[in-house]
Amino acid sequence: MDEFTIRRLEAILNGYFEAKVPKEVRSFVRLKYVWDGKAMILFEERSHSHGRQWLCSAIAQFRLEHNQWNVYALNASHDWVPVKSIAPSPDFERQLEQVELDPEGIFWPTGDWAETF
């Protein structure tokens with residue numbers, strides 16, 4: 001993947017994080033991503049021990065395969081498996097939106113952060 005595309009996707013993700021995580025909980029919850037070749041893993045970190053440690057949970061993996069973004073989720077064995085309800089798409093933002101909408105409760109099982117803290 002070229003550098004321009006990576007920077008564009010990072011800008012999309014940073015804007016998404018800004019909108020997704022309310023300011024009042026950012027010292028307790030944060031979203032991050034890590035690149036692994038043509039794949040990107042989206043994960044959540046939650047503060048533990050008053051911010052001295054962070055617990056990390058993977059949320060979704062986005063893989064660029066044959067010029068299409070495919071969305072993967074962790075199964076019970078902690079293996080990445082394709083999410084059948086999200087069709088491959090060349091549009092990364094569409095795939096991120098599908099993860100955000102999460103009608104099956106695959107990606108965001110913990111619910112609203114504002115209610116958690």
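To the nearest 0.5 Å, atom OG of residue S89 and atom CG of residue L96 are 12.0 Å apart. Interatomic distance, CZ of R63 versus CH2 of W69, reported as 11.5 Å (0.5 Å rounding). We find the CD-CD distance between Q98 and E104 to be 10.5 Å, quoted to the nearest 0.5 Å. The distance from the CG atom of D91 to the CD atom of Q68 is 10.0 Å, given to the nearest 0.5 Å.
Note on ring orientation: taking the six-membered ring where Trp is involved, the planes of F17 and Y33 are tilted (angle from 30° to 60°).
In this structure a side-chain-to-backbone donor-acceptor pair under 3.5 Å is missing from E45 to L55. The backbone N or O of A87 lies less than 3.5 Å from a partner atom in the side chain of Q95, making a donor-acceptor pair. When atom types are taken as modelled, the side chain of D2 and the backbone of T5 share a donor-acceptor pair closer than 3.5 angstrom. No side-chain donor-acceptor contact under 3.5 Å links S77 to the backbone of D79.
Cation-pi geometry between K20 and W108 is met: the NZ or CZ atom falls under 6.0 Å from the ring centre, inside 45° of the normal.
Looking at M40 and L13, their side chains come closer than 4.5 Å, going by heavy atoms from C-beta outward. In this structure, the side chains of L74 and W80 come closer than 4.5 Å at one or more pairs of heavy atoms. Residues V71 and F62 meet the side-chain proximity criterion, which asks for heavy atoms closer than 4.5 Å. For the pair I59 and L31, the minimum side-chain heavy-atom distance is below 4.5 Å. R30 is not listed as a side-chain neighbour of V21, based on a closest heavy-atom distance of 4.5 Å or more.
Here E97 does not pair with R94 in a salt bridge; the nearest charged N to carboxylate O distance is not below 4.0 Å.
Within 6.0 Å of the CG atom in N67, the count of heavy atoms belonging to other residues, nucleotides or ligands does not exceed 12.
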Trace of the side-chain contact (heavy atoms from CB on, under 4.5 Å) decision for S47 with W54 = CA-CA 5 Å; S47 176; W54 290 85; 4.1 Å; yes

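Hydrophobic cluster membership differs between L101 and I106, with clusters built from Ile, Leu, Val, Met, Phe, Trp and Tyr side chains linked at under 4.5 angstrom.
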